[in-house]
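Remarks on the structure that follows.
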Amino acid sequence: MITPVLPTYARIDLEFERGEGCWLVTKDGRRYLDFTAGIAVNILGHAHPYLVAALTEQAGKLWHISNLFRIPGGERLATRLTEATFADTVFFTNSGAEALECAIKMARRYHHANGAERPRMITFEGAFHGRTLATIAAGGNAKYLEGFGPDLPGFDQVPFGDVKAVEAALTPQTGSILVEPIQGEGGVRVPPAEFLRSLRALCDAHGMLLVLDEVQSGVGRTGRLFAHEATGITPDIMSVAKGIGGGFPMGACLATEEAAKGMVLGTHGSTYGGNPLAMAVGNAVLDKVLEEGFLERVREASLRFKQSLAAVMDKHPAVLAEVRGEGLLLGLRAQVPAAELVNALRAEGMLVPGAGDNVVRLLPPLTVSDEEIGIACDKIDAACRRLEEAFHLSPVKGAAE
Ligand SMILES: *Cc1c(COP(=O)(O)O)cnc(C)c1O
């Protein structure tokens with residue numbers, strides 16, 4: 001039977017009344033340690049007083065005016081983002097998929113402006129770029145494409161991390177490469193260190209644009225402002241969302257002046273993109289992320305968490321196979337079906353999202369304390385014991401799905 005809310009999500013039957021930092025509290029007062037963080041969104045935790053103040057102050061002044069008028073908060077945020085990154089210009093959106101749509105359009109338009117039609121884009125197996133028609137075509141996940149054809153043409157998919165396969169897939173119409181520095185939904189898959197550098201070199205050699213999807217890996221999640229900074233290369237175009245609004249829906253497409261040269265007056269737009277509410281929160285989020293020591297603290301927390309997770313994994317080799325990821329974009333590859341681990345963790349009062357590759361993601365707010373990391377590891381330990389008992393009784397014998 002159809003429900004009033006379109007039933008495209010298998011929702012967990014929990015009703016939260018409020019959040020406090022890394023914790024979510026149900027109506028009846030049960031507290032859950034939230035290492036889902038809205039899927040890598042709430043980077044400053046729930047109800048951060050500084051964000052609440054920024055939003056409510058703006059809400060009392062002006063919510064929305066459209067991009068027909070100047071929006072000073074947006075000019076300020078764009079300036080700050082360009083000063084902090086490779087980019088010269090920013091287009092604000094309401095979501096990650098829209099930031100990707102802008103990036104894909106910009107890449108096609110760049111070659112059009114050069115008088116060459118090179119609309120084809122190389123993408124990677126296991127990628128996730130969103131749920132619009134263009135982004136499901138870019139992601140190439142058969143499950144997300146089924147029944148929504150005809151698929152948007154122009155995407156050529158190759159195995160993640162495989163530079164030779166990229167070279168083999170190049171055609172005269174190939175104008176760009178789209179890649180996540182670390183695949184999030186795909187299972188927290190970290191490619192070899194040289195991978196992005198090789199893609200950069202390939203783009204330079206063939207006059208192609210390198211487009212990075214940092215929707216999940218960006219805004220401090222990996223312990224750098226953006227994940228690609230660790231590799232020493234810069235992209236031509238980059239899509240950002242999730243953490244950039246700290247829970248307020250917003251995204252951004254950043255680009256160099258050269259890459260953006262086709263996006264002239266009238267070529268793109270959004271009614272809500274960059275509205276005053278989003279810009280007030282976005283500036284407030286950036287204030288905190290750029291504070292002295294913030295990113296360093298994410299790297300420290302990551303190290304501590306990884307070390308503790310390694311110890312938990314040693315105790316439970318039949319449940320946990322691998323700890324992977326960078327910063328606080330971490331994953332546990334499970335020996336049992338990952339969904340079982342997600343459920344066992346919820347029974348222990350900890351919320352985590354799954355991912356591809358039989359991985360459970362650990363995506364705490366970046367403000368997570370050492371104490372909370374300790375609590376998380378205790379809960380993971382307890383969940384593993386729970387699963388060891390359950391699978392001892394079950395005929396599945398701990399085999400991966
Ligand atoms: C979540 C995500 C998207 C899509 O963002 P939406 O806001 O859901 O449209 C795109 N790319 C990556 C890497 C993501 O993690």
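In each ligand, atom 1 is the first atom listed, and ligand 1 is the first ligand listed. Quantities reported herein were computed from a predicted structural model and do not represent experimental measurements.
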Quiz item: Do the charged groups of D28 and R30 touch, with an N to O distance under 4.0 Å?
Solution: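 Yes, charged N to carboxylate O under 4.0 Å.
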
Quiz prompt | Residues R200 and D236 bridged, charged N to O under 4.0 Å | solution =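 Yes, this pair counts.
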
Taking only heavy atoms of [X] into account, list the atoms of ligand 1 that are under 4.0 Å away from them.
{"X": "H129", "value": "10 (C), 11 (N)"}
{"X": "A97", "value": "4 (C), 5 (O), 6 (P), 9 (O)"}
{"X": "D213", "value": "10 (C), 11 (N), 12 (C), 13 (C)"}
{"X": "K242", "value": "1 (C), 2 (C), 3 (C), 14 (C), 15 (O)"}
{"X": "E180", "value": "13 (C)"}
{"X": "S95", "value": "7 (O), 9 (O)"}

Quiz item: Can you find an N/O atom of G96 closer than 3.5 Å to an N/O atom of ligand 1?
Solution: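 By distance alone, the answer is yes.
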
Practice problem: Kindly confirm or rule out an N or O of V215 lying under 3.5 angstrom from an N or O of ligand 1. | Solution: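 Such a contact does not occur with ligand 1.
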
Quiz item: For atom 8 (O) of ligand 1, is the nearest protein heavy atom under 4.0 Å away?
Solution: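 Given the 4.0 Å limit, the answer for atom 8 (O) of ligand 1 is no, no protein heavy atom qualifies.
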
Quiz item: Any cation-pi pair here, K288 with Y50, using under 6.0 Å and within 45°?
Solution: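 That pair qualifies as a cation-pi contact.
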
Exercise. Validate the cation-pi geometry between R189 and F160: distance from NZ or CZ to the six-membered ring centre under 6.0 Å, angle to the ring axis within 45°.
Key: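 Pair R189/F160 does not count as cation-pi.
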
